[in-house]
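As the structure is a prediction and not an experimental result, all values here were calculated from the model. In what follows, every chain begins at residue 1, and chains take the letters A, B, ... in the order their sequences are listed.
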Amino acid sequence: MNRVRRFVGAFGGPAGLAGACIVAALLLAAVFAPLIAPYDPLAVSILDKLLPPDDVFLLGTDQSGRDILSRVIWGARASLTVSGSAVVIGVICGVSIGMFATYVRGGWLEQAIMRVLEAVSAIPLLIWAIALVGIFGVRDAEIGPFTVSSEFKLLALLGLLYIPTLARLTYISALGEAKQSYVAARRLQGVGEFRILFSDVLPNCLSPVIVQATLLLAIGIIVEAAVSFVGLGIQPPTPSWGNMLASARTYLISGEWWLSVFPGAAISLTVIGFNLLGDGLRDRFDPRHSTSMSYAT
Amino acid sequence: MAEAEPFFELRDIRKDYLLRRGLLQRFTDSARRVSAVDGVTLAIERGAIFGLVGESGCGKSTLAQVIVRLIEPTSGSIVYQGRDVASFDAAERRAFRHAVQMVFQDTGTSLNPRKRIRVALGEALKARGVAGAEADLEIAALMDQVGLDAVMLGRYPHELSGGQRQRVGIARALAMRPEILVADEPVSALDVSLQGQIVNLLRDLNERLGVTIVLISHDLAVVARICTEIGVMNAGRIVERGAPSEVLSRPKDPYTQTLLDSVPRGLAGRKRGSGAAAAGWEPQAAEPDAERRRSASIAQEF
Amino acid sequence: MTQAKPLLHVDGLHIGFKIGGEWRDVVRGVNLRVAPGEVVGLVGESGSGKSLTALSVLQLLPRGARIRDGRIDFEGEDLVGLSRRAMNERRGRDIAMIFQDPLTALNPVIPIGRQIYDSMRTHQSIGHKAALDRIEQLLDMVGIRHPRERMRAYPHELSGGMRQRVMTALAVSSNPKLLIADEPTTALDVTVQAQVIGMLDRIRRELGLAVLFISHNLDLIAEICDRVYVMYAGKVVESSRVETVFMAPRHPYTRQLLRCVPRLDGEPGPMPTIPGLPPRIGEGLVGCPFAPRCEEAQARCHTSAPPIWRSPGHVAVCWEAA
């Protein structure tokens, strides 16, 4: 019984566990898409177009006769790739910048970095995303001998936009930790400042970063969907939940509800899952070091 | 016992903090300095247990940090074994860093919560250049020296009690083979029945290993028990110093007298009408001591 | 023990936390009494349960803590299980409390005069001008100079000792019958501590308050309390008049604890200490909880719970008390 309790506790409670399950399902769908999807998501078949959900096509077909279930499953891959990679970029760069700002603390550089980060985060994420994608375009770019695909551009941009939040989070945590006496003790041992930041301070700053990263994954899904919805993100025919919604727009009134409901539900469910997991992790990391015994008796 | 040159000296140490107000005032700041340490000159003998007593805001913690060189003084010098520390080359600086260690007040934050005790001690030894099997042996010896069971090595700080964590803090400091150990309020957070365990440990280490100890505390009685010499600090200055028996029975400075009067005397204090407890009023603004103390408590804020 | 009807009577109090699905008791059967106008001390170290006992009187237990058994009788009425509204009325009006850290007990964005004003108007029907006068009177009583001007100050503009005085003024503004002081001077310097204790003593004389004073500082308790309860591992191990407990203690814990209190006029040398550690919270106890650390422990102390030894006005829970 205790092991079950501890397992549930690892995710910060039953809600967190539910979130983790949803995220796990999403991951499985994304990774094993080729095996799970019943049909080829790109297979066009005019004869089968706009069929409502039935035994053959579980979630129906779209205007080109493609199976919606398969497209939703493959769409998970697109969403997760964009969202996940963006978070990875954001975390690596953001945490580095945050730690660097702590390292150069006390000078103009620290202030400069913070002001730039604040300026960037003053503009809402979605507006930035659309603006940047609008500027850099959706075609595959040529930079010298390299070809940068549109998906990659999107996730790179998204990653950059995550940096301010993660950098500031790291910076604030690091500043707080750097004041603690265990850091002073390390200094007394003659250990270099850089080494201390890396091996002592950083591990203690990661909890809020992990929580934030989980929540950013959720945001990433929405941003990807929104950007693809306005036609600036992942281009059809590659399935993405966002562009599926975009093409379903014309069918909202005419009654082919399955074209928009299922991708929409996928987005909602995924975002809820990540949010639950993030909240659960936050609960778990917060009171972690204070057990109920810490009350003064 | 008296040496030709003093072991550890502080010469006219001052530490000022700037009160930052606005951009403009930054440039006209002469009036806005606050002295946390206002000219401290002190010589500590090798092998002594020196007690530094004072209330919050008097600057004792700042002075402690200057002694271990976590903070640089605004002016003044530290002289170690006859040589000015500022004249040390890199190797000597490094050696000096190891030679003066600190035990911190807050056991909750003095150990990295993510590192097991074994790792915390191991990395201290590593900083001294000791690793591997030799390090393991030393770790075992250190645990023994501070009276901790080896089973604690595998635990995390939050699994230990306050007193146990304090012992680990002492072990960690000892790992550097220090000449001087500065203990900043090492027992304030502990229960009275357990304070003795730590205080006696420090005394023991002083006797057995010859480590010079600077004990900082607000508790006169603790300091009186084990220190060979006491200094009373107020508003950034050492207002009195001497052997405990002298300072406690024949204080020369009025602040010391106030301190002594304020210590609760238990049953003896029930005949009210003695000491500061009788008044119950705020300190007079006109008295210079109170003035100093008040400005000192502002200093503390910075 | 006083024969008059007690103001506060705690009977068989058990308070516990739920850890890992099981209830662990931190307070294990505490009985204590406070008579009107008396100053009663509750002394103990970390883990003794003294703060929880005090907080439970006002139903201010931290999250996760529950009163599992017992009565808390105030003026004949059981406070346990009282409705929130009824409890709110008792709090502040009949029973008041001051805490260790005045900075967090006072609202940082409201001037202190206003805080007292709000509290008074909530608990009493008192006119605006009358309230202001009373606030001035209270601030004066707690030793704050220039009360009329100081009323406008914010908590952070005051020193720790002054904040403690303000908190006391706030607490007694409604003329409570009982003041619970939970380690009120622990965070203060020793000189300020002396002043605050003097102030508390003066106030309670002037207002005829009963005080339940919680502390780990034996000397303080000895200075101002009439009677004292000594707690260890969630139980009261000794109680009597202060002079008796300090001069002729019957429980080994009290004796050993008294020896540990550092004295200015003591001999230099190693400090006395009590070896070992108090039992961890919730640890199952067989026999006397203090036995592992007790100098006078006998075989039976480890196996059977000690009986209550009584003599007029003196209680000790020990096999060896007689």
*Report, by ascending residue number, the residues of residues 116-131 of chain B in heavy-atom contact with chain A at a distance under 4.5 Å; give 'none' if the set is empty.*
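Contacts with chain A: B/E123, B/A124, B/K126, B/A127.
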_Counting only non-hydrogen atoms closer than 4.5 Å, can you tell me which residues of residues 171-184 of chain B sit against chain A?_
B/R172, B/M176
*Can you tell which part of B/V103 gets under 4.5 Å to a heavy atom of chain A, answering side chain, backbone, both or neither?*
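Neither the backbone nor the side chain of B/V103 comes within 4.5 Å of chain A.
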*Of the backbone (N, CA, C, O) and the side chain (C-beta and beyond), which part of B/R94 lies under 4.5 Å from a heavy atom of chain A, both, or neither?*
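Interface part for B/R94: side chain.
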*Quick one: which of A/L188, A/V191, A/V201 has the most heavy-atom pairs under 4.5 Å with chain B, could you say?*
A/L188
*Sort out for me which of A/R186, A/E177, A/R187 touches chain B most, counting heavy-atom pairs under 4.5 Å.*
A/R186
*Working to the nearest 0.5 Å, report the span between CD of A/Q180 and CG of B/D106.*
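Nearest 0.5 Å value for the CD-CG distance: 7.5 Å.
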*asked:* Rounded at 0.5 Å granularity, tell me how far CG in B/L70 sits from OG in A/S181.
replied: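 If we round to the nearest 0.5 Å, B/L70:CG and A/S181:OG are 10.0 Å apart.
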*Taking every non-hydrogen atom, the tightest pair across A/S207 and B/R114*: OG-NH2, 3.1 Å
_Contact between B/T109 and A/K179 at the side-chain level, heavy atoms closer than 4.5 Å - yes or no?_
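In short, these two side chains do not touch, never coming nearer than 4.5 Å.
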*Mind ranking B/R69, B/Q105, B/K115 by heavy-atom pairs under 4.5 Å with chain A and telling me who comes out on top?*
B/K115
_Atom CD of B/E134: over 12 foreign heavy atoms under 6.0 Å_ = no
